[in-house]
Amino acid sequence: MITSQQTETVFQALNGFQIELPSWGFANTGTRFGKYLQAAAATTLAEKFSDAGQVHRWTGVCPSIALHVLWDFPQGLEDGDQVRELGVQHGLRAGSINPNLFQDQIYKYGSFGNPDPAIRNEALSHVLKSIDIATRLGSRDLSLWFADGSNYPGTQNIRHRRKWFREGLEAVHARLSNEQRMLLEYKPFEPAFYHTDVADWGMALLMAQSAGPKAKVLVDTGHHYQAQNIEQIVAWLLDLNMLGGFHFNDRRYADDDLTMGSIDPYQAFRIFHEILHFEWETGKRADIAYMIDQSHNLKDKIEAMIQTVTTSLELYAKAALVNHDRLAAFQGRCALVDAETCLKDAFSTDVRPLLREWAQMRGLASDPLSAFRQSGYQEQITAERAEKNRAMVSNYA
Ligand code: RM4
Ligand code: MN
Ligand code: MN
């Protein structure tokens, strides 16, 4: 039985929860062997905004969209006005700005860690331009992911590259306004298969700390080795005031970008629990950007995104149900079974009726997925975009 006080706690938690959608999650994406083209996929920025607008319309918790500079701003700063107009049209605002330092041919041997100073400069100026775009759009977070690394032992000087990274990140930090932050994402491997310059949370932490106080770490849940304890990383970063944000997705093997909670919902629950437990203990709100970083190659993209958002709300609500007073007491007494049961009880609670009630209270669809299906939007965009998407090419070699 859920008490009225628990209901109140969950509603309060949900009222404070928002999650950002990735523009690239609505486009044709694939594996390294090629793209699977979908008739309804978005191929323009206007279409990405329109699709993201649908997710926000039916879920009510996704008011911002993460943008990728290379894919979404082919004209650079000039595209800013269009982005602002699209935002107004679809009830969204520009969220984190993601520079692209991995697709250009010049980045074959790296960007910030490239041995060629001219290429390092080129990479830096792209990031500085991305900050200007963020400033123009009123975006707070600059989200940095580097593909930099090497494939074979002995081929790169790892210490030199670390120094170049430090220099580059310091220069990026110097350009940020007081309202802005830079979030540094780490990833153990892929596309580099021997060494990656920012390979794990410790490296990201040290680099963010040396860049300056506006630099924080971004945890992409898919960017860890199997069996790594992600919630421990989260707890440490919270304690150090260095946790800037998340890229949520799920994985079975590597950076699979699968739907959040599809493989291991308890993992995402444990992350939310660490955050809410920290907030309860300190009385402070953790300043974290929750973002989705997923690309659905096989599922319909908008449906999959609505499914993701619903899952995130469910897991966050479950984490809000943990009785922190009791848990803290059990932990203090090393009452192991009781402490663990405290978590398990919350995780096992069916929060779906609560979520429906909460959505209705806020004038939202109580079942976002079926509301979206009934709207006819998917059929409409399938008809409108099919021909264009048929003409797209998907090649591996
Ligand atoms: C990476 C990483 C970044 C994303 C790129 C496209 O694996 O998760 O966040 O921007 O993919
Ligand atoms: Mn990511
Ligand atoms: Mn990734």
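One-based numbering, in listed order, for ligands and for the atoms of each.
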What residue and heavy atom of the protein are closest to [atom], and at what distance?
atom                   : result
atom 6 (C) of ligand 1 : Phe102 CZ, 3.8 Å
atom 2 (C) of ligand 1 : Glu185 OE2, 3.3 Å
atom 4 (C) of ligand 1 : Asp293 OD2, 3.7 Å

Say whether [X], considering both its backbone and side-chain N or O atoms, lies within less than 3.5 Å of an N or O atom on ligand 1.
X      : value
Trp24  : no
Trp145 : no
Trp71  : no

At less than 2.8 Å, would any N/O/S atom of His223, backbone or side chain, sit next to the Mn ion (ligand 3)?
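Under 2.8 Å: His223 contacts the Mn ion (ligand 3) through an N, O or S atom.
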Quick check: does Asp293 have an N/O/S atom under 2.8 Å of the Mn ion (ligand 3)?
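No.
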For the Mn ion (ligand 2): the N/O/S atom of [X] at shortest distance:
X      : value
His247 : ND1
Glu185 : OE2
Asp220 : OD2

Salt-bridge present ([X], [Y]; N to O < 4.0 Å):
X      : Y      : value
Asp255 : Lys187 : yes
Arg326 : Asp345 : no
Arg32  : Glu190 : no
Asp287 : Arg181 : yes

Taking the six-membered ring where the residue is Trp, are the ring centres of Tyr194 and Tyr152 under 6.0 Å apart?
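No, ring centres 6.0 Å or more apart.
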Checking Trp24 against Asp293 for the side-chain hydrogen bond (donor to acceptor under 3.5 Å, both in side chains) test, could you report, in this order, the C-alpha distance in whole Å, the side-chain angles of both residues, the deciding distance, and whether it holds?
CA-CA 8 Å; Trp24 55 94; Asp293 184 6; 2.9 Å; yes
Which of the ligand 1 atoms, numbered from 1, are nearer than 4.0 Å to a heavy atom of [X]:
X      : result
His247 : 9 (O)
Asp220 : 8 (O)
His68  : 10 (O)
Asp255 : 7 (O)

Can you tell me if His223 has a non-hydrogen atom under 4.0 Å from ligand 1?
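Heavy atoms of His223 do come under 4.0 Å of ligand 1.
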Show the numbers, then the answer: is there a salt bridge (charged side-chain N to carboxylate O under 4.0 Å, His left out) between Lys301 and Asp51?
CA-CA 9 Å; Lys301 293 164 195 296; Asp51 295 358; over 6 Å; no
Lys318 to Phe347 six-membered ring, cation-pi geometry met (6.0 Å, 45°):
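Yes, Lys318 lies over the aromatic ring of Phe347.
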State whether Phe165 and Arg161 meet the cation-pi test: NZ (Lys) or CZ (Arg) under 6.0 Å from the six-membered ring centroid, and within 45° of the perpendicular axis.
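Checked: cation-pi criterion not met.
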Is the Mn ion (ligand 2) under 2.8 Å from any N, O or S atom of Asp255?
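No, outside the cut-off.
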Atom OH of Tyr36 with >12 non-hydrogen neighbours under 6.0 angstrom:
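12 or below, so no.
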Taking all non-hydrogen atoms of both residues into account, name the closest pair between Tyr377 and Ser50 and its distance.
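So the minimum-distance heavy-atom pair works out to OH-OG, 2.6 Å.
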